[in-house]
Amino acid sequence: MELRTFHHHLLQGFMLLSLISNCYARFVVEKNSLTVTSPEKIKGTHDSAIGNFGIPQYGGSMAGVVVYPKENQKACKSFDDFGISFKSKPGSLPTFVLVDRGDCFFALKVWNVQQAGASAVLVADDIEEALITMDNPEEDSSSAKYIENITIPSALIEKTFGETLKKAISGGDMVNVNLDWREAVPHPDDRVEYELWTNSNDECGVKCDMLMAFVKDFKGAAQILEKGGYSQFTPHYITWYCPQAFTLSRQCKSQCINRGRYCAPDPEQDFSSGYEGKDVVIENLRQLCVFKVANETNRPWVWWDYVTDFQIRCPMKEKKYNKECADVVIKSLGLDAKKIEKCMGDPDADMENSVLKEEQDAQVGKGSRGDVTILPTLVVNNRQYRGKLAKGAVLKAICAGFEETTEPAVCLSGDVETNECLENNGGCWQDKAANLTACRDTFRGRVCECPLVDGVQFKGDGYSHCEPGGPGRCKINNGGCWHESQNGRAYSACLDNRDVKCQCPPGFKGDGVKSCEDIDECKEKRACQCPECSCKNTWGSYECTCNGDLLYIRDHDTCISKSGTEVRSAWAAMSVILIGLAMAGGGAYLVYKYRLRSYMDSEIRAIMAQYMPLDSQGEVPNYVSNDRA
């Protein structure tokens, strides 16, 4: 049994080394920025490597004070044993604890520091080397519980930088630093592209259990992002190939398909019983084809339904991890089973499978993304995610990939980010009376931008000043101009589509913004000034009446006799009637003359037609014979 296990691990090592050497494996350490803000003598910005556990604050930053414990400096034991606490006092900056590398797992150090109340952990390397990624321990059930519960961020720093921090702290300096994850994920536009390197094997221990739980938990958020067009998700599956010398061995035959080209480890690590590695490869291939077929019908999110349903309905423990159970799930989701089978191809054929070949090629890092060597691996905008594989943490990383102000509503929920506009309006302009604000909440914080309201764009700096501009601006809060109403009359100083924005209307004077006062036309002798006129001022206008039977003409500011007006009106009416009759008589005469002339013309033509042909008719027949009898 020991010899068989040794051969098994040896072969797996050969398979992995073959893949790595063929692909020129390259591991990229994902980094965040660490800036020392005080003391002055060590101010500066340094790189730090993001730990592959806990919850990095993607898209954000965190300021704190660094402390270096006098005891338990490697943090391999509980700080309670030493009576040490790192809990911050109310109103003080968060505490970042600096610990030394060595003697225990990185994750255990971070867990012990978190339990003591710290907000973040900096691990100082103990050798001079390039930064590395602090990863989880290999499948270790004893560490699984505390790894799941690590929620604070951590970072590895270089040895020399760690020594600089220790020296400053021991010298009595207060060391303030800022951890910054805002550029850890590129955020170029309004769509995030991300991929998950996963596995269908549900019997590979702690990491598989964590992966399965994540897929189920994240499914809802993933489908919201995909259906809204906010993201483009692609699932991937790691496969190895068997070295040429071992393709006919029992191990390769049980773990590989297509003559050793695509392989996966035996789920139970036992070749004599249970499922084989090739069963996992085939199901991985099926899940890839489910995604491809669903994507062809513009429903790529169905992959999440299939994977979660398959986990629940077809587990290895219940001996249902097979094609029959998979087909039932495929049918229940309305997918085309024949297309999926065609996509999968023949696993026994001695030839390449195009789908799996693509997966092996994709494992090789491109650009800023390193080779995929850790399972599971999440890649967001071509950067490998580091941290706890949990819904909240992953959603933060994805939301950090959106250009600011383009993120969807799911990124602005309370469990993902803090709405900075709720406190003091984010320091932006606001009009409380009109319930308008320039503060716009974003995943990364907030922006102060003058708003767009009912098609009217406000203009200004967004911080202290915003005012409506352009067509329709008078509809919004009266364009910021004076307006008032009295006794059923309303006046406004707002002018639409003019260079002058606010101007008091006729009958008023003032700046047009804060005030417009009524002009007393009577007192200022601007109207109703004729000898017979009597003037009375009204709000925004005036009333003018005339003495006796006189009538006031406003346009000429004069009074005239009502009787004179009536005579002139009668003569005007009579003139209109006479002109109308004259025009009617003239028209009748013209019609009569035209009809008479037409009648005479027709009579003359008829008489002449008896003696000579006219141009408008043919030859007239001659009925008189010239022949003699």
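Side chains included, hydrogens not; waters and symmetry mates left out as well; all remaining heavy atoms used.
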How about [X] and [Y]: do any of their side-chain heavy atoms sit closer than 4.5 Å?
X: Tyr230; Y: Val410; value: no
X: Val110; Y: Leu108; value: no
X: Asp125; Y: Ile157; value: no
X: Ile398; Y: Ser231; value: no
X: Asn199; Y: Ile238; value: no
X: Leu34; Y: Asn178; value: no
X: Gln287; Y: Trp303; value: yes
X: Trp111; Y: Asn149; value: yes

Restricting to side chain to side chain donor-acceptor pair (under 3.5 Å), what partner residues turn up for Tyr306, sequence neighbours left out?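 With neighbours one apart ignored, the set is Glu283.
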Is a side-chain donor or acceptor of [X] paired with a backbone partner of [Y] at a separation under 3.5 angstrom?
X: Asp431; Y: Ala434; value: yes
X: Arg386; Y: Phe53; value: no
X: Asn295; Y: Pro300; value: no
X: Asn419; Y: Cys421; value: yes
X: Thr406; Y: Phe402; value: no
X: Ser48; Y: Leu156; value: no
X: Asp209; Y: Ala213; value: no
X: Ser38; Y: Glu40; value: no
X: Lys388; Y: Ala393; value: no

Test side-chain hydrogen bond (donor to acceptor under 3.5 Å, both in side chains) on Thr45 and Thr35; report intermediate values, then the result. CA-CA 4 Å; Thr45 300; Thr35 302; 3.1 Å; yes
Verdict with supporting geometry, Gln73 and Tyr68, side-chain contact (heavy atoms from CB on, under 4.5 Å): CA-CA 7 Å; Gln73 293 174 340; Tyr68 182 57; 3.1 Å; yes
Are Phe86 and Phe79 an aromatic pair, judged by ring center distance below 6.0 Å?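 Phe79 vs Phe86: aromatic centres under 6.0 Å.
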Scan side-chain atoms only and decide if [X] and [Y] contain a donor-acceptor pair under the 3.5 Å cut-off.
X: Asn478; Y: Ser492; value: yes
X: Ser78; Y: Asn112; value: no
X: Ser119; Y: Thr95; value: no
X: His187; Y: Glu403; value: no
X: Asp305; Y: Gln223; value: yes
X: Thr133; Y: Asn52; value: no

Strictly under 2.5 Å separating the two SG atoms? Check that for Cys448 and Cys428, please.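 Yes; the two sulfurs sit under 2.5 Å apart.
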Hey, is Cys481 close enough to Cys502 that the SGs sit under 2.5 Å?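 The sulfur gammas are closer than 2.5 Å, so yes.
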Going by the angle between their ring planes, with limits at 30° and 60°, are Phe233 and Trp304 parallel, tilted or perpendicular?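 Judged by the thresholds at 30° and 60°, the geometry between Phe233 and Trp304 is tilted.
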When the ring planes of His46 and Phe161 are compared, do they come out parallel, tilted or perpendicular, using 30° and 60° as the limits?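 Taking Phe161 first and then His46, their aromatic rings lie parallel (interplane angle under 30°).
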Regarding [X] and [Y], does a basic nitrogen lie under 4.0 Å from an acidic carboxylate oxygen?
X: Glu129; Y: Arg101; result: yes
X: Glu404; Y: Arg444; result: no
X: Lys74; Y: Asp100; result: no
X: Arg473; Y: Asp454; result: no
X: Asp173; Y: Lys41; result: yes

Full working for side-chain contact (heavy atoms from CB on, under 4.5 Å) between Tyr385 and Val394: CA-CA 8 Å; Tyr385 165 83; Val394 170; 4.1 Å; yes
Using every non-hydrogen atom in the two residues, find where [X] and [Y] come nearest and quote the distance to one decimal.
X: Leu211; Y: Pro376; result: CD1-CB, 3.8 Å
X: Cys411; Y: Glu417; result: O-CG, 3.3 Å
X: Tyr194; Y: Val380; result: CB-CA, 4.1 Å
X: Met62; Y: Pro153; result: CE-CG, 4.2 Å
X: Asp461; Y: Cys450; result: N-SG, 4.3 Å
X: Phe106; Y: Met134; result: CD2-SD, 3.4 Å

Within 6.0 angstrom of [X] [atom1], more than 12 heavy atoms from elsewhere:
X: Lys216; atom1: NZ; value: yes
X: Glu524; atom1: CD; value: yes
X: Gln232; atom1: CD; value: yes
X: Glu517; atom1: CD; value: no
X: Lys77; atom1: NZ; value: no

Would you sort out whether His483 and Tyr491 count as a side-chain contact (heavy atoms from CB on, under 4.5 Å), showing the intermediate values? CA-CA 6 Å; His483 69 287; Tyr491 289 97; over 6 Å; no
Of Ile84, Ile150, Val121, which is the lone residue that meets side-chain contact (heavy atoms from CB on, under 4.5 Å) with Val113?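 One option only clears the test, and that one is Val121.
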Just one of Thr164, Leu165, Asn176 clears the side-chain contact (heavy atoms from CB on, under 4.5 Å) bar with Val36, so which one?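 Result: among Thr164, Leu165, Asn176, Leu165 is the only option passing the side-chain contact (heavy atoms from CB on, under 4.5 Å) with Val36.
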For disulfide bond (SG atoms under 2.5 Å apart), just list the numbers for Cys504 and Cys516, CA-CA rounded to whole Å, side-chain angles, deciding distance to a tenth of an Å, and then say yes or no. CA-CA 6 Å; Cys504 291; Cys516 285; 2.0 Å; yes
Decide yes or no on salt bridge (Lys or Arg N to Asp or Glu O under 4.0 Å) for Glu128 and Lys159, but give the supporting numbers first. CA-CA 6 Å; Glu128 294 291 351; Lys159 180 181 179 182; 5.2 Å; no
His236 and Leu196: side-chain contact (heavy atoms from CB on, under 4.5 Å), yes or no, with the steps? CA-CA 6 Å; His236 288 292; Leu196 175 66; over 6 Å; no
First locate atom OG1 of Thr442, then atom CG of Leu412, and finally report the distance between them rounded to the nearest 0.5 Å.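 Going from the OG1 atom of Thr442 to the CG atom of Leu412 covers 7.5 Å.
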Quick one, Phe508 with Trp539, criterion ring pair (Phe, Tyr, Trp, His ring centres under 6.0 Å). Give me CA distance, side-chain angles, the key distance, then yes/no. CA-CA 9 Å; Phe508 292 89; Trp539 186 65; 5.2 Å; yes
